[in-house]
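In each ligand, atom 1 is the first atom listed, and ligand 1 is the first ligand listed. Treat the numbers as computed from the prediction; the structure is a model and nothing was measured.
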Amino acid sequence: MAQRTLARYLTEEQRNKGVITGDLKLLIEVVSRACQAISIAIGKGGLGGVLGEAGSDNIQGEAQKKLDVLSNDILLDANEWGGHLAAMASEEMDLPHLVPHRFPKGEYLLTFDPLDGSSNIDVNVSIGTIFSVLKCPEGADLSTPEAAERAFLQPGTAQVAAGYAVYGPTTLLVLTVGDGVASFTLDREQGQFLLTQENMQIPVETKEFSINMANQRFWEAPVQRYISEMQAGKEGPLGKDYNMRWVGSMVADVHRIMTRGGIFLYPIDSKLRAQGGKLRLMYEANPMAMLIEQAGGTATTGRQRILDIAPEKLHQRVPVILGSKNEVDRITRYHAA
Ligand code: P6P
């Protein structure tokens with residue numbers, strides 16, 4: 001049987017399991033085509049004049065790369081005319097982007113980090129797009145971008161879909177609509193994503209941890225204990241040796257965990273305490289937490305399930321510890337001790 005396209009997978013989810021609506025199917029297909037366009041732009045690299053700084057900063061105060069801005073524009077342009085969305089929010093935009101009056105509004109809200117890990121662009125290391133879909137609340141005030149922010153402030157459990165594209169040796173789209181996790185590989189000749197893995201499952205055990213060790217002196221005691229026990233290896237209390245991986249692109253590190261297990265940590269620490277963490281809740285932690293849980297893993301701040309957090313601000317940051325269930329449960333016990 002020919003490999004199933006993304007469109008066929010979504011149609012079957014819609015028809016057989018009643019999991020998604022026609023508009024959500026359209027939304028995901030539009031996002032996938034935008035990711036395809038981003039993949040092509042990235043692939044041109046220095047030949048496409050898209051490397052280097054854009055000469056502007058985003059709300060996070062981070063210098064934007066040309067590809068950050070280009071990826072954001074691709075997602076906005078692809079999604080605003082279809083009639084499936086009410087508004088969009090992005091890491092690269094201070095306020096939500098309302099669907100222009102000349103287009104019909106739909107029932108969904110889309111948040112995204114258009115190009116995560118962009119510090120890796122210029123050194124040709126895997127980067128990605130992360131997205132999350134929410135229903136727009138009935139009667140939401142979308143009169144201005146400032147007013148629209150409130151409509152997005154929903155817990156991660158309210159997400160109806162989440163996914164990421166990882167632009168690596170191949171371009172993959174990893175997606176959940178609440179019925180397990182499926183992975184699609186971009187067939188560049190056909191120009192579409194083909195299903196290459198269904199019902200992804202994260203092993204509950206692992207021997208691989210993922211953290212930026214340069215921050216060790218800032219960590220809280222539970223994280224210090226957890227990492228030092230793994231570094232102690234076979235001779236230590238865990239009785240086995242561990243390996244470490246840190247790509248510096250959340251999408252690449254999380255995809256490795258989705259594929260072979262592991263634990264990813266960007267915990268709160270004394271340096272980050274004032275800002276609440278490093279990673280953003282609405283378009284990094286929440287979509288990844290939904291995918292991780294749908295694949296049998298666990299996603300927590302160390303003290304709270306990420307999907308249960310009640311957001312207060314659109315660009316809110318949170319601590320993130322996610323991956324193989326037994327390992328995340330252990331460090332959660334250390335935080336409770
Ligand atoms: P550090 C990329 O900028 C990012 O937001 C995530 O993709 C990644 O996991 C993290 O920051 C890397 O942070 O402090 O190691 O550079």
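- For atom 16 (O) of ligand 1, the closest heavy atom belonging to the protein is K278 NZ, 4.3 Å.
- Remark: minimum distance from atom 15 (O) of ligand 1 to any protein heavy atom is reached at N212 ND2, 2.9 Å.
- The salt bridge (charged side-chain N to carboxylate O under 4.0 Å, His left out) with E229 is formed by just one residue from the set R330, K240, K234; it is R330.
- The shortest heavy-atom distance from E284 to ligand 1 is under 4.0 Å.
- Per-residue contacts place L279 under 4.0 angstrom from the following atoms of ligand 1 (heavy atoms of the residue considered): 5 (O), 6 (C).
- Residues S132 and N286 have side chains that never bring a donor and an acceptor to within less than 3.5 angstrom of each other.
- In this structure, the protein non-hydrogen atom closest to atom 9 (O) of ligand 1 is M250 N, 3.4 Å.
- In R280, the part holding a heavy atom less than 4.0 Å from any atom of ligand 1 is the side chain.
- Contacts between V251 and ligand 1 below 4.0 angstrom, taking non-hydrogen atoms only, are absent altogether.
- A donor-acceptor contact closer than 3.5 angstrom links the side chains of H84 and N79.
- In summary, the aromatic rings of W246 and F209 are positioned with their centroids too far apart to meet the 6.0 Å limit.
- Counting only heavy atoms of the protein, atom 8 (C) of ligand 1 lies nearest to G248 O, 3.4 Å.
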* Working for salt bridge (charged side-chain N to carboxylate O under 4.0 Å, His left out), residues K65 and D68 -> CA-CA 5 Å; K65 301 280 191 182; D68 284 323; over 6 Å; no

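- Here is the list of ligand 1 atoms found below 4.0 Å of a heavy atom in G117: 2 (C), 7 (O).
- In terms of protein heavy-atom proximity, atom 14 (O) of ligand 1 is closest to Y266 OH, 2.6 Å.
- In this structure, the side chain of T206 engages the main chain of G262 through a donor-acceptor pair within 3.5 Å.
- Taking only nitrogen or oxygen atoms, main chain and side chain alike, W246 reaches within less than 3.5 Å of ligand 1.
- For the 3.5 Å distance criterion, the side chains of S39 and R188 qualify, holding a donor opposite an acceptor.
- Against a heavy-atom cut-off of under 4.0 Å, S249 is close to the following atoms of ligand 1: 7 (O).
- Side-chain contact, T21 with D23: no donor N or O sits under 3.5 Å from an acceptor N or O.
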